[in-house]
Amino acid sequence: RGLYDAALEQGTSEVGGILLSPSKKYTLGMVPPLLASQWYSLRDQALKQGMLLSEADLYCTVSYNDHRVSPSDRQLVRQFLKRWKHPLANWFSKGDVAAASTIDQINKLRNMAAHAENFLYDWQFELLRQLVVGDATKAGILQALV
């Protein structure tokens, strides 16, 4: 709702090719391109492995160059996030690439867990938990809310 209002202030109801509406449902997968043109994702092949792979084999760089997401769209989203009155606003301010990467990775793991034909390996569950909740070595999104 807040991003919709911010876009309307700029004279549009569309950001990055996404038609905004106060009552429309959106997905996590829509967020990373609105934050950054590149981010770190989990390789699809790595997600099929039962064991945790090396970082080089686990992660890849995604370059999103779709013309529907312009630099001005990303700037509008950044401006909105800076004034957003929400506990997550502080977490988003830590960096566009980091936020886009985390959200993309959570989205991939969440999608796997949400479909009955898939299951999460232990390492995938632990990675998802680390991204959301955090642990002693890395802060998760929820730790930013405290």
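Every value quoted in this text rests on a predicted model; they were computed, and no experiment measured them.
Ile141 and Leu128 fall within the same hydrophobic cluster, defined by Ile, Leu, Val, Met, Phe, Trp and Tyr side-chain heavy atoms under 4.5 Å apart, directly or through other members. In the hydrophobic cluster analysis, where Ile, Leu, Val, Met, Phe, Trp and Tyr join through side-chain heavy atoms closer than 4.5 angstrom, Ile103 is grouped apart from Val97. Under the 4.5 Å side-chain contact rule for hydrophobic residues, Val132 and Leu52 share a cluster.
Annotation: the span from Tyr121 atom OH to Gln49 atom CD amounts to 7.5 Å, rounded to 0.5 Å. Note that the CZ atom of Arg110 and the CD atom of Gln105 stand 15.5 Å from one another [nearest 0.5 Å]. Separation of atoms CG (Leu127) and CG (Asp122) is listed at 12.5 Å; rounding is to 0.5 Å. Atom CZ of Arg74 and atom CG of Leu81 lie 13.5 Å apart (nearest 0.5 Å).
Across every non-hydrogen atom of Trp91 and Ala99, the tightest pair is CH2-CA, 3.6 Å. Looking at every heavy atom in both residues, Gln124 comes nearest to Phe119 through OE1-O, 3.8 Å. Residue Ala6 comes nearest to Arg83 through the heavy atom pair CB-NH2, 3.3 Å, listed as atom of the first residue, atom of the second, then distance. Contact between Leu120 and Ala113 at its shortest, heavy atoms only, is CD1-CB, 3.8 Å.
Side-chain contact check for Leu47 versus Met112: some heavy-atom pair is nearer than 4.5 Å. Here the side chains of Phe92 and Val77 are not in contact, with every heavy-atom distance at 4.5 Å or above.
Annotation: salt bridge (Lys or Arg N to Asp or Glu O under 4.0 Å) contacts of Asp66 (sequence neighbours excluded): Arg68. With sequence neighbours left out, the side chain to side chain contact (heavy atoms under 4.5 Å, CB included) criterion links Lys138 to Gln130, Leu131, Asp135. Arg129 is linked by a side-chain hydrogen bond (donor to acceptor under 3.5 Å, both in side chains) to Glu126, counting only residues two or more places apart in sequence or in another chain. For the ring pair (Phe, Tyr, Trp, His ring centres under 6.0 Å) test, residues two or more places apart in sequence or in another chain that qualify with Trp84 are Phe80, His86.
Environment of NZ in Lys24: crowded, with over 12 heavy atoms of neighbouring residues, nucleotides or ligands closer than 6.0 Å. Residue-environment remark: CZ (Phe125) stays at or below the threshold of 12 foreign heavy atoms within 6.0 Å.
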Sequence neighbours excluded and cut-off under 3.5 Å, please list the side-chain donor-acceptor pairs for residues 31-42, or say none.
{"unit_1": "Gln38", "atom_1": "NE2", "unit_2": "Ser63", "atom_2": "OG", "d": "2.8"}
{"unit_1": "Ser41", "atom_1": "OG", "unit_2": "Asp104", "atom_2": "OD2", "d": "2.4"}
{"unit_1": "Ser41", "atom_1": "OG", "unit_2": "Lys108", "atom_2": "NZ", "d": "3.2"}

Return a table of donor-acceptor pairs under 3.5 angstrom between the side chains of residues 12-20 and protein atoms on other chains or two or more places apart.
{"unit_1": "Thr12", "atom_1": "OG1", "unit_2": "Glu14", "atom_2": "N", "d": "3.1"}
{"unit_1": "Thr12", "atom_1": "OG1", "unit_2": "Glu14", "atom_2": "O", "d": "3.3"}

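A side-chain donor-acceptor contact under 3.5 Å links Gln143 to the backbone of Gly140.
Between Asp44 and Lys48 there is no salt bridge, since no side-chain nitrogen of the basic residue lies less than 4.0 Å from a carboxylate oxygen of the acidic one.
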